Each structure stands twice: as C-alpha cells, then as structure tokens.
There are 2 protein chains.
Amino acid sequence: MKGYGQFCPIAVACEVFAERWTPLILRELLAGSRRFGDLRRGLPLISRTLLAQRLRELEDAGVVQSRPLPSGRGREYQPTQAAEELRGVIDLLGAWGQRWVRAQYNLENLDMTMLMWNVRRRIDRRRLPARRVVVRFEFRAVPPRLRGFRGCWLVLERTGVDLCLKDPGFEVDLLVTADAATIARVWMGAVSFPDAVRSGGLRVEGPRDLVRAFPSWLLLSHFAHVDHPVRAS
Amino acid sequence: MKGYGQFCPIAVACEVFAERWTPLILRELLAGSRRFGDLRRGLPLISRTLLAQRLRELEDAGVVQSRPLPSGRGREYQPTQAAEELRGVIDLLGAWGQRWVRAQYNLENLDMTMLMWNVRRRIDRRRLPARRVVVRFEFRAVPPRLRGFRGCWLVLERTGVDLCLKDPGFEVDLLVTADAATIARVWMGAVSFPDAVRSGGLRVEGPRDLVRAFPSWLLLSHFAHVDHPVRAS
DNA sequence: CAGTATCCGATGCGATACTG
DNA sequence: CAGTATCGCATCGGATACTG
C-alpha cells in the first residue's frame, strides 16, 4: 500500500518527507550539495539506484528541480522553495536527535571521509589568518573497515576551504593527530576541544599561534551546542 | 539494512521518527489518544500488528511509556517528554504539507469517522451556550466505500463533547446536511464556512441564534489557517 | 563520472487465527 | 476489546551490468 489514505496535512507531508533516506538527501541539498556524486559522499550507504529514484520522487513532488549541467554530463539538483521551507523541520529533528537519541560512537557508524567533508563545510573562514594554512590530519585507532583512510589534508584560505584525500603538495603548517572516535565526539559536542587534548585523544602540533587559534576556526556540528536532557538533569 | 549508518543527529532522529506510520502515531498520542483502540480510530489503515510493533519500538526508544490499565485489560500509552518535544517537528511538518502538498480531496482518502472524530476534538467549548446542544450531521455524496456511515451526532456541552455514531436519543437542536467532500474542505480551510453554505455544499437548520453561532464553535484543523503559496502568489 | 535497466533476495507488512 | 503468533506475498532496494 502506498500512502496513508488520509488528507491530513501531516500525513501528506510524511508521504513526501518521511520516506527512507529522504530527510538525509534533503539535509545534503540544504547543506549545499548539488551534484549526484556530492550527495553520495554525504550518504555513503545509499545505492545509486535508490538515490536516483528518490531524487526523481522529490522532483515529482516539487521539492527538487534538476537540469543538465552546462558541462554536458550529469545534472544539477537544486532544492526549491518547498525544500527550503523544510529546513526548519530538519533542524528541529536534528536538535531532537541530539537531545534524545544517544548516538553510537562505537565506530560501527564512523565514516571519516564524510566526517571531514562536514568539518570542511563548517570552518569559520572569517577567523582564519590572511595567509593560507594547511592542516594535516592523521587518524589513529581507525576501525578496520576504514583502513585506507588514515588521514587527509585541509587547505584553509579565506576565499575557500578544500579537503584533500591525497597530499596536495603544500607545506604543512599544522599536524593534527587524533583517534577517529575523538574527532567524532568533538564534532558532535560530546567532548570539548580542550578536554579532548587533555585526555590525549587529540594533539595539535605547529607554530604556537596557529595551534592556539585552530580550535576557534572549527564551528563543529550544527547540533554540537544543543543541550542534552540527561546531561542537564 | 537497518538504520543509516551515520551518527549525525538528523540521521539518528530519522531512525526513530521517520519510520512508516510513526509520525502519525505520534500525532495521535500528542492529540490525546491513549488507548490502542483510540489510536486505531485515528489511523484506520494501519494493521493491529504493525501498530503494536511501532508502539513497542517507540517504547524502546523512550518516546512512549505504557502501563496496564487499572481496569485490567489493555494498556495506556503515554507520550514521554521526548515525544512532547517532537510536537514542534510534527506541527511544522503539517504546516509544510498544507502549504506545499495539494491534498487529494477526491474522496479516495475520505474517512468520515476519522474526520468527525477530529472535529469533536476541535470544538471551542468556551463559546458554547450554557445548555446542551445536539447536532445531527447528515452526509450526502458519500463515497461508495463508506456506505453505512451516512451521519452522526455531536453532543456539545461546556463540560465535554461526545461523538455518537448511533442516535443518542436526545432531541436534535441543529441539523447539518453536507456533502462529505465539502465538510472535508471546510475542515481543511480550503473553503470558508460561509462559502460552503453559499455554494450549497453545506446547510445548517435550526433556531436562528444557534445556526448563526454554530460556525464559531468549530476550530477546524490546526492547519486550516496556514496560507498556501499558490493561493498567495 | 553520472546515471539506467534488470534481476533477485530480504523484509515489511497484511490477513488470519488465536488468547486472556 | 486488546493484543500476539504465524504465514505468505508484495515491494523495496542492493548488486551487477550496461550506456553516453
């Protein structure tokens, strides 16, 4: 059976929004992803088939509009006004998840590529120094499933931030060495940056001024500062 | 595969919230339903098996708490604080649905029992006269699937409102005759009460003062007053 | 790379029957 | 009434192979 057989606005909204993967596809679109490959990077476990199908459904529902790229191959997927007005729903849902669902940091669910891709998106560029800063990340205690991704580079400039999975060739200014799980916890707000350093799960090396400034460039997850009811009570 | 394999708060929230039927079950709980049968009345198409399964999942997630009824049989299902904090998500989702999804009033999706059950919940009791008012509803143009439910009674008192599917025996004060689809459209805010009367889709008969006051008792759907972008532009 | 077509296996879910 | 146990099927979705 398709749909809920009700004309209640909540029910019809759910028929569009509450399908499997759909809220996460919208999360990616509203975070700025526009191309098929970018969407997949943010949704590592979705299959190409299903992503294509969901994008078509969203387009039929008027939530996404797509058009061929000028480059000839592939399409650009753009969220419509209807999608933009779902941002509030998604943000509230995320805040609720942060408050009420204890995420599994047990590393089953850890994808460092996706994590660093998100970190890249949440750099406070206005706080960067005028010159380019290259940060090398080296991960320790990486879950066996993720061998092959032991580190990456973040190239920080006021004009834009790049994530490199291979050595971009620039001289490295800062070296960040960290347990995979510690990075995740800091990102999620479960542990503060200074506490992570104190506990030894994370270390930053380089010129003193850059080391000191580095944490202030990280905006962390949108939900890092949502307070947790268990923590509060 | 179960879950999204991400620790993003949006993803974990979706694993709890965005399952099939779950938002609608929460809608019913937050609207005041507490018993299995009440929930089913608001979700006519869900199977008992699935409703029971979802309630168990919600209880495991800490969103619902249940306990046996003092009467011995059946349980009471109570939304927890976590559920209460989903109200904002559900309300926003409903407002979005009202704005962006054109509901199908084609009567495929029309369940008069559920509709009147909702009407009952949205009576502004403070506006009622001091004495009891009994309203008889007679439906016209009822879709064939729904034969057998041609009308009902609403017993309005300041102390409470009852919906009767069988004649409660009281003397009738007001007679409302209406097309099933017209009632639905008025409830949803797609058409105003006076317009429905003018178009002939709805008629109210009885003492003049009661007829005049009647529309003011109806609060209509929570989303009846959300403005529609198509209508606006 | 950016998808589409096809196949087939897992599972989600309804129907039915049963219990207190 | 308020559920639970079981069965069987439909559909959802992943894997694979293919196209431009």
Side-chain angles (χ1 to χ4, degrees), chain A residues 1-6 11 14-25 28-29 33-60 64-78 111 113 117 145 165-166, chain B residues 1-6 11 14-25 28-29 33-60 64-78 111 113 117 145 165-166:
Chain A
M1 180 193 38
K2 198 76 196 146
Y4 296 106
Q6 305 186 187
C14 286
E15 289 178 14
V16 174
F17 176 80
E19 286 293 300
R20 182 163 171 76
W21 286 109
T22 299
L24 301 187
I25 294 169
E28 291 303 308
L29 286 166
S33 292
R34 290 291 175 274
R35 304 199 37 184
F36 199 80
D38 290 347
L39 292 168
R40 291 194 71 200
R41 167 153 36 183
L43 309 164
L45 296 191
I46 200 174
S47 73
R48 278 171 302 189
T49 315
L50 188 52
L51 178 55
Q53 181 186 327
R54 287 287 182 269
L55 285 169
R56 221 174 304 120
E57 290 165 0
L58 286 172
E59 189 149 15
D60 291 345
V64 165
Q65 213 168 41
S66 79
R67 57 174 192 205
L69 282 168
S71 62
R73 75 157 117 260
R75 307 180 71 77
E76 184 190 30
Y77 298 91
Q78 191 128 29
D111 182 312
T113 312
W117 176 248
R145 190 173 42 79
L165 305 186
K166 293 172 185 168
Chain B
M1 181 194 37
K2 200 72 195 153
Y4 296 105
Q6 305 186 189
C14 285
E15 290 179 14
V16 174
F17 177 80
E19 287 293 298
R20 184 162 170 75
W21 285 107
T22 299
L24 302 187
I25 294 169
E28 291 302 308
L29 285 166
S33 291
R34 291 291 175 273
R35 303 202 35 186
F36 199 80
D38 290 346
L39 292 167
R40 292 194 70 201
R41 168 152 36 185
L43 309 164
L45 295 191
I46 201 174
S47 71
R48 278 172 301 185
T49 314
L50 188 52
L51 177 55
Q53 181 186 326
R54 287 287 182 271
L55 286 169
R56 222 173 305 120
E57 290 164 1
L58 286 173
E59 189 150 14
D60 291 345
V64 165
Q65 214 169 40
S66 78
R67 58 173 190 205
L69 283 167
S71 63
R73 73 158 117 261
R75 308 180 71 78
E76 185 190 30
Y77 298 91
Q78 192 128 27
D111 182 313
T113 312
W117 175 249
R145 189 174 43 79
L165 305 185
K166 293 173 184 169

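As the structure is a computational prediction, the values presented were derived from the model and not from experiment. Letters go in sequence order (proteins before strands), and every chain restarts at 1.
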Residues A:T22, A:V16; criterion side chain to side chain contact (heavy atoms under 4.5 Å, CB included); working and verdict
CA-CA 8 Å; A:T22 299; A:V16 174; 5.7 Å; no
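Between the CZ atom of A:R40 and the C1' atom of D:dG13 there is a distance of 14 Å, given to the nearest Å. Taking atom CG of B:L43 as the reference point, atom P of D:dA2 lies 15 Å away to the nearest angstrom. In this entry the distance linking CD of A:E76 with C1' of C:dG3 reads 16 Å, nearest Å. With rounding to whole Å, A:L50 atom CG is found 17 Å from D:dT16 atom P. Remark: P of C:dC1 and CZ of A:R35 are 10 Å apart, rounded to the nearest angstrom. In this structure, the CD1 atom of B:I46 is 13 Å from the P atom of D:dG3, given to the nearest Å. Look at CG on A:L51: it is 15 Å from P on C:dC1, rounded to the nearest Å. Rounded to an integer number of Å, the gap from B:R75 CZ to D:dG3 C1' is 10 Å.
A donor-acceptor pair under 3.5 Å is absent between the side-chain atoms of A:R20 and the main chain of B:Y4, judged by distance alone.
If one axis is set at each end of the helix from C:dC1-D:dG20 to C:dG20-D:dC1 from five pairs, those axes are 40° apart, to 10°.
In this structure B:S33 satisfies the side-chain hydrogen bond (donor to acceptor under 3.5 Å, both in side chains) test together with B:R121, sequence neighbours excluded. Every residue was checked against the side-chain hydrogen bond (donor to acceptor under 3.5 Å, both in side chains) condition with A:E19, not counting sequence neighbours, and none meets it. B:R73 is linked by a salt bridge (Lys or Arg N to Asp or Glu O under 4.0 Å) to nothing, counting only residues two or more places apart in sequence or in another chain. Annotation: side chain to side chain contact (heavy atoms under 4.5 Å, CB included) contacts of A:S66 (sequence neighbours excluded): A:E59, A:R75, A:Y77. Taking B:Q53 as the reference, B:L50, B:E57 meet the side chain to side chain contact (heavy atoms under 4.5 Å, CB included) condition, with sequence neighbours excluded. Among residues two or more places apart in sequence or in another chain, the side-chain hydrogen bond (donor to acceptor under 3.5 Å, both in side chains) test is passed with A:E76 by A:R67.
For B:R73, counting side-chain heavy atoms from C-beta on, the closest listed nucleotide (C:dG3, D:dT4, C:dG20) is C:dG20. Taking only side-chain atoms of B:R56, from C-beta outward, the nucleotide of C:dA2, C:dC13, D:dT4 with the closest atom is D:dT4.
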Can you check nucleotides 15-17 of chain C for protein contacts, nitrogen or oxygen pairs under 3.5 Å, and list what you find?
from, atom 1, to, atom 2, distance (Å)
C:dA15, N6, B:T49, OG1, 3.2

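DNA chain D is contacted by both B:F36 and A:R54; B:F36 maps to the nucleotide lying nearer its 5′ end (nearest heavy atom per residue).
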Exercise answer: donor-acceptor pairs, residues 35-46 of chain B side-chain atoms, under 3.5 Å, sequence neighbours excluded:
from, atom 1, to, atom 2, distance (Å)
B:D38, OD1, B:R41, NH2, 3.4

